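First the structure, in the form of structure tokens, and then the observations on it.
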Amino acid sequence: MNVVSKLKLVIVERSVWSILYPFSIILFVPGIVFSLFKMGISSILMDGCLDLVLLMIPSTVKSLDDTLAWSKYSDDSFNMKSAYDFFDNLHKLNTSYHWITITKSPILGSPVSSSSLSALSGLTLDIISLGLVGLEILERNDLFGWAFGEGECLINPDSWQKKQVSGGCDMEDVCEGKDFTFSKQEEKILDLWSEIDAFHTQLSLTKDKPEYIFYDGPPFATGLPHYGHILAGTIKDIVTRYHSMTGHHVTRRFGWDCHGLPVENEIDKKLGIKKREDVLKLGIDKYNEECRSIVTRYVSEWESVITRTGRWIDFKNDYKTMDLNFMESVWWVFSQLYAKNLVYKGFKVMPYSTGCKTPLSNFEAGQNYKDVSDPEVFMTFPLVGDPHGASFVAWTTTPWTLPSNLALCINANFTYVKVLNKYSGKVYIVAESRLSAIHNPKEKAKETVVNSSNDVPKNTNAKTKGASGAKTENVFDSFEVLEKFSGASLVGTKYEPLFDYFKELSETAFRVVADNYVTDDSGTGVVHCAPAFGEDDFRVCIDNQIISKDNLTVAVDDDGCFTEKITDFSGCYIKQADKDIVEAVKAKGRLVKSGAFTHSYPYCWRSDTPLIYRAVPSWFVRVELLKEQLLENNKQTYWVPDFVKDKRFHNWLENARDWAISRSRFWGTPLPLWISEDEKEIVVIDSVAKLEELSGVKVFDLHRHNIDHITIKSASGRVLRRVDDVFDCWFESGSMPYAYIHYPFENVELFEKNFPGHFVAEGLDQTRGWFYTLMVLATALFGKPAFRNLICNGLVLAEDGKKMSKSLKNYPSPMEVIDDYGADALRLYLINSPVVRAEPLRFKKEGVYGVVRDVFLPWYNAYRFLVQNAKRLEVEGLASFIPFDQATLLKSSNVLDQWINSATQSLIHFVRQEMGGYRLYTVVPYLLKFLDNLTNIYVRFNRKRLKGRSGEEDCRIALSTLYNVLLLSCKVMAPFTPFFTEVLYQNMRKVCNGSEESIHYCSFPTEEGKRGERIEQSVSRMMTIIDLARNIRERHNKPLKTPLREMVIVHPDKDFLDDINGKLKEYVLEELNVRSLVPCNDTLKYASLRAEPEFSVLGKRLGKSMGIVAKEIKAMSQENILAFEKAGEVVIANQCLKLTDIKVLRDFKRPDGMTEKEVDAAGDGDVLVILDLRPDESLFEAGAAREIVNRIQKLRKKVALEPTDMVEVYFESLDDDKSVTQRVLHSQESYIRDAIGTQLLPNTLMPAHSVVLGEERFHGIANMSFGITLTRPALMLNKKAILSLFTGDTKSAHNLQTYLLSRDHSKLKSEFQDGNGKKIVDSIEQQAAVEVVVGENVFLTVGDYYLAGKSE
């Protein structure tokens, strides 16, 4: 015998549970109602005698020990309506609970007491997830079966499980857009990707596909990632994801730049290292190991941030420039250049960082210019033996170079003048064109003292009293020209040096030389030359035998301090010595004038100290020999934007100079050069194996402290030692395409089949950095560019236009933005900005929010609308939603289905086209328009179809179309927004058999079928018509609720007019609330035509001819304009003009006798819309009906109903004269029913057991007053028919009515549908089974009852 054969189960809705918390148990016991007096709830009343005890406990609750208060059940206090409030909200439960079912049993005793509950503590619990899809049994045990036993249960666990397995829309319900937290959803997707190892799975799935080679430029890991890194990483991620989806295998390995100044600079600060000697004293081994220890300091932070932005890249299999394999390939690269005679050792003046104690390459020197104020000094160099005692005057902004002066340089082609300063009596020689430079307005004439009191000082420039507006004195008022001569005549002239530190060079030095690098745009036309500190100075002095490379003395050490050679300033840092040197010049009487000079000056990009130019020995690559080939290889590459390639990069290559690749530092890849003491024997090592073979030493690491001690014996028996230098870190990063795969020691076939690489992307600054070194080394090694395609991004600035600064705190942290709005929004914001076109971006956090508002919320809402209406099918008891295949959908006869399918194919075509051209920035605007069209045209105009009001089949076609469009658009956008598309896809794939586990495993969509260009254009024009008509309404204060009689559409295209008056007509009329539409292809009937030139198009093309052409265009007759539109072109003033060159405007021509208030129009130059605005009493009822519908929809929103929530709507007229209201309801019944999705019911039909959701009264609406009530769908019982089932037995009839009313409405509805409108009820004790028939004994809704009564 079963313990329980007949039972009832009471369920309390979650919102009630939240009120009762913190109490852990809600308990319903036979004959007893549980009350919680402490919470202020007097009682929870249920009907009938329960045969089942139910405990509902949140999953987090572990203990059953709670204080329970009991009250006696009272029939008088029972309220069926309040009970229904609990029962009917079952679908809103969406959390997990422990459910324990207990029967009246000797085990627990009777009645159940709190002490007996402790007996349950050891039992296994049944866990049930309650969601919109119903109840899903996750775990079952014997307790459930034992408790329920056989017989009918109102809710049977076996049927729950069966229903879940057998069918139903598998998509999970989704929340409102305002409750959707993008960042939280993204974190869930990260968990999913981690769980399924998504990135590596994608690589595995594509391993047999063609390779797409992407080079990832290595950043330094000594700092944290910023927006620049996120921007470049986003670009790289989008492109590589796209090519993975288009059938390629894309290896993505993260790389780290481990060597060079950034790392050494950190260690110098840490250890307080000031000079090179400090490192040697510490020991190179200790110094380098300190460097190694910080290289990966922020690797985990980088991985965390980069992963959170959605970028898929391999951090586990990364490459590091300090790895043995990488360094060995760098050696190989150098050996190849050396073998091609492209390497030499030279003594050149180079940009030098005193902060980092190393020379820099020219492109490094150009990375950090600042506007600074330097001392400006004009000083004299007296000519030896000049009869006038004349002096050359030179100018400099680097006084610290004056102690090393060895020559003066003039331009042989300039005219020079010898002038007498009338005030000081001194004689100077300067270029004639630069005489004004030495003019000193403050200088006054010497006073002449004489005996005669009548004599006054001579002052030719004395101002007359009151001449306050006198002009600045003329230069020649201060100077008298004594002599003019050519620059060439001055060459060889000796002069007296400022200082005598280099007096040993007097025979060859301290003379005038000439060169064309001397210009007359600044200075005096006389340049002071310090060959150790100026590139041109060095060249000119070598060419004129002032010095030789062997006898050049560099009087400044590696730390930027004067050597002992400069005795007066020895040990002093050069920039700090400027002031003292100027004072020394002044003390010698050699100072003409001094001041401050503001100019742009290079600073070290790492130490932020001013650079100097200093002669240093270095190893060079002969870039100048490769110049023509570099320029040619540049032409073979594709850049976005192209102007960076054609201008900035081209110009840099055109002016390229030999590249100094060595650095006199410690932490880097050592140069693989072993040389003899006299440097006549050199061995270049190209591999570890070769070094081991020649030295006999086992090599495990290639850093200096591990190989500097290794020597090699030459063929002649001499001992060769390695040179001290290490490689410039740019040489290492430029070697990346070979070194990261250890070529040529490994991966030979992979490299040689896929070089040049397909894609690189970095910032604009890399045109002089990584892009340049990649190009130079690839050209030198293989005669090819290193890459085929390149995206160059601009700089991300703070909102105020300044550089982002941690100290200024002028920007939000990336993780703050991601936590607030999500990584996808940040990604789209960055790529939909000027920064992807190599222009600067002023970062605004509000801009990221704008992406959420304008892109993701509309997108999400379209998706949510799909899910809600797909699930509605199940709620209504229909077959679960399974989308139709694409081929079926393409055959749809619905015009908007045809249009959105075509628009989706256009989206696919456009994105493929733009991604093929690497134009990422064009995709987001197109997507914005597409989503706007999807939500505001397709979903908006198809609401009735999507909600099933045009029939189930048509509804499924519309839902399938929307599903297909969303699925395709997600796949298209997956590379751009990897998180959000995955969120949507994971839910949508549940109704699609055979779908991939992740959207990122899917193939990128291809175009299917022909695009309907005509229908796309017609719908686009339709939206223009709607916008224009709305504008007219707004101008005349005619809201859309006010119906209008007629609209006229004027356009010359007959096909378009056929569309707008045919398949698109219903949408236009309904959207604009207009009764009739009249097409007109006679463009002159309602409009006059005039032509205007498109100045933006024609201006550049026509130049001076623009005026004549513009005049003739404006003079075109209407006939000429029509002929031009038909032909598509016209010749004016010998210029062939197309449709894009001339704008045709249609000015409205109002019909005779009509005023603006009666008829008005609007046009956009293409289509003209005319509205009849005259009032029409016959349209009153339609307007009133729209007002009623509007109030119903607002009330639905007010009570927080979802669009898919089924309700019944009751109407009550509050007017004394109800005839007007009755007339409106009668004439507009069909419209109202279609608009609200249900029958509008008279208030008198509302049954007592209805659950009221909301009600409101309205007054003065279209001269009417009325009340609206919204209720849950309620059963209507035909009591006579039910009584006849029991042949007049009123008690049995009452029991059946009670049973039916106590049932969950949606489940009861489903059971009737399963039984084709019939149900056998045999679960009432001591009562015979009866067959209940829908439409006879019971009606599932009041609306059904109402319609049945009307038909009778």
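The first residue of the sequence shown is numbered 1, and numbering continues consecutively from there. Everything numeric here is computed off the predicted structure, so don't read it as measured data. Because only heavy atoms are used, hydrogens play no part in the values below, and waters and symmetry mates are left out as well, while side chains stay in.
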Over all atoms of both residues, closest heavy-atom pair of [X] and [Y]:
X	Y	result
T935	A862	CG2-CB, 3.8 Å
L946	C955	O-SG, 3.5 Å
F941	M1022	CE2-CE, 3.4 Å
V1048	C1080	CG1-CB, 4.1 Å
S892	D897	OG-OD2, 2.8 Å
L959	L866	O-CD1, 3.5 Å

Quick one: does any side-chain atom of [X] pair with a main-chain N or O of [Y] as donor and acceptor, under 3.5 Å?
X	Y	answer
S969	V965	yes
R1014	F1056	no
K947	N869	no
D1141	K1138	yes
N1061	L1057	no
E1112	V1109	no
N1073	L1040	yes
D1164	V1167	yes
S1265	I1261	no
N832	L828	no

With a 4.0 Å cut-off, would you call [X] and [Y] a salt bridge?
X	Y	value
D1059	R1021	no
D1160	R1150	yes
K1065	E1070	no
K1198	E1256	yes
E1187	R1191	yes
E1156	R1035	no
R1090	E1092	yes
D1234	R943	no
R1223	E1181	yes

Could you check whether any side-chain heavy atom of [X] comes within less than 4.5 Å of a side-chain heavy atom of [Y], counting everything from C-beta outward?
X	Y	result
L830	V836	no
R1257	I1268	no
L1240	E1229	no
I1142	V1130	yes
L1089	L1122	yes

Do the ring planes of [X] and [Y] sit parallel (below 30°), tilted (30 to 60°) or perpendicular (above 60°)?
X	Y	value
Y860	F980	tilted
F1258	F1266	tilted
Y926	F910	parallel

Please determine if R837 forms a cation-pi arrangement with Y921, meaning its NZ or CZ atom is less than 6.0 Å from the six-membered ring centre and no more than 45° off the ring axis. yes

Would the number of heavy atoms belonging to other residues, nucleotides or ligands and lying under 6.0 Å from [atom1] of [X] be above 12?
X	atom1	value
K1111	NZ	no
D1058	CG	yes
L1139	CG	yes
H1259	NE2	yes

E1007: which of H909, R912, Q905 passes side-chain hydrogen bond (donor to acceptor under 3.5 Å, both in side chains):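 So the option named by the test is H909.
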
Are T1024 and D1027 linked by a side-chain donor-acceptor pair shorter than 3.5 Å?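 Side-chain D/A pair, T1024 to D1027: absent.
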
Listed pairs under 3.5 Å, donor-acceptor, residues 839-853 side chains, sequence neighbours left out:
residue: K845; atom: NZ; partner: E816; partner atom: OE2; Å: 2.8
residue: K845; atom: NZ; partner: D820; partner atom: OD2; Å: 2.6

Can T977 and D824 be said to form a side-chain hydrogen bond (donor to acceptor under 3.5 Å, both in side chains), step by step? CA-CA 5 Å; T977 55; D824 278 346; 4.7 Å; no

Once you round to the nearest 0.5 Å, how far does CG of L907 lie from CG of L927?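 Atom-to-atom, L907:CG and L927:CG are 7.0 Å apart.
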
If you round to the nearest 0.5 Å, how far is CG of L1171 from NZ of K1038?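 K1038 NZ to L1171 CG: 10.5 Å, rounded to 0.5 Å.
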
Could you walk me through whether L967 and K971 pass side-chain contact (heavy atoms from CB on, under 4.5 Å), step by step? CA-CA 6 Å; L967 186 62; K971 290 178 180 179; 4.1 Å; yes

Between F1148 and Y1086, ring centroids under 6.0 Å: no

Please confirm whether Y821 and F182 have ring centers closer than 6.0 angstrom. no

Output, in order, the C-alpha distance, side-chain angles, deciding distance and verdict of salt bridge (Lys or Arg N to Asp or Glu O under 4.0 Å) for D1205 and R872. CA-CA 8 Å; D1205 284 340; R872 176 186 49 75; over 6 Å; no

Decide yes or no on side-chain hydrogen bond (donor to acceptor under 3.5 Å, both in side chains) for N1081 and H1051, but give the supporting numbers first. CA-CA 5 Å; N1081 66 351; H1051 198 275; over 6 Å; no

Could you walk me through whether I1025 and M1047 pass the side-chain contact (heavy atoms from CB on, under 4.5 Å) test, one step at a time? CA-CA 10 Å; I1025 288 169; M1047 69 184 303; 3.8 Å; yes

side-chain contact (heavy atoms from CB on, under 4.5 Å) between N936 and L931, worked out: CA-CA 8 Å; N936 289 326; L931 291 175; over 6 Å; no

Determine, stepwise, if the pair D1217 / S1219 fulfils side-chain hydrogen bond (donor to acceptor under 3.5 Å, both in side chains). CA-CA 6 Å; D1217 180 6; S1219 61; 2.7 Å; yes

For R940 and E1071, run side-chain contact (heavy atoms from CB on, under 4.5 Å): C-alpha distance rounded to whole Å, both residues' side-chain angles, the deciding distance at 0.1 Å, then the answer. CA-CA 10 Å; R940 178 184 175 88; E1071 185 67 18; 2.6 Å; yes

Given T904 and N901, is the side-chain hydrogen bond (donor to acceptor under 3.5 Å, both in side chains) satisfied, shown in steps? CA-CA 5 Å; T904 306; N901 284 328; 5.4 Å; no

In a check of side chain to side chain contact (heavy atoms under 4.5 Å, CB included) between W859 and each of D854, L984, L928, which one passes? L984

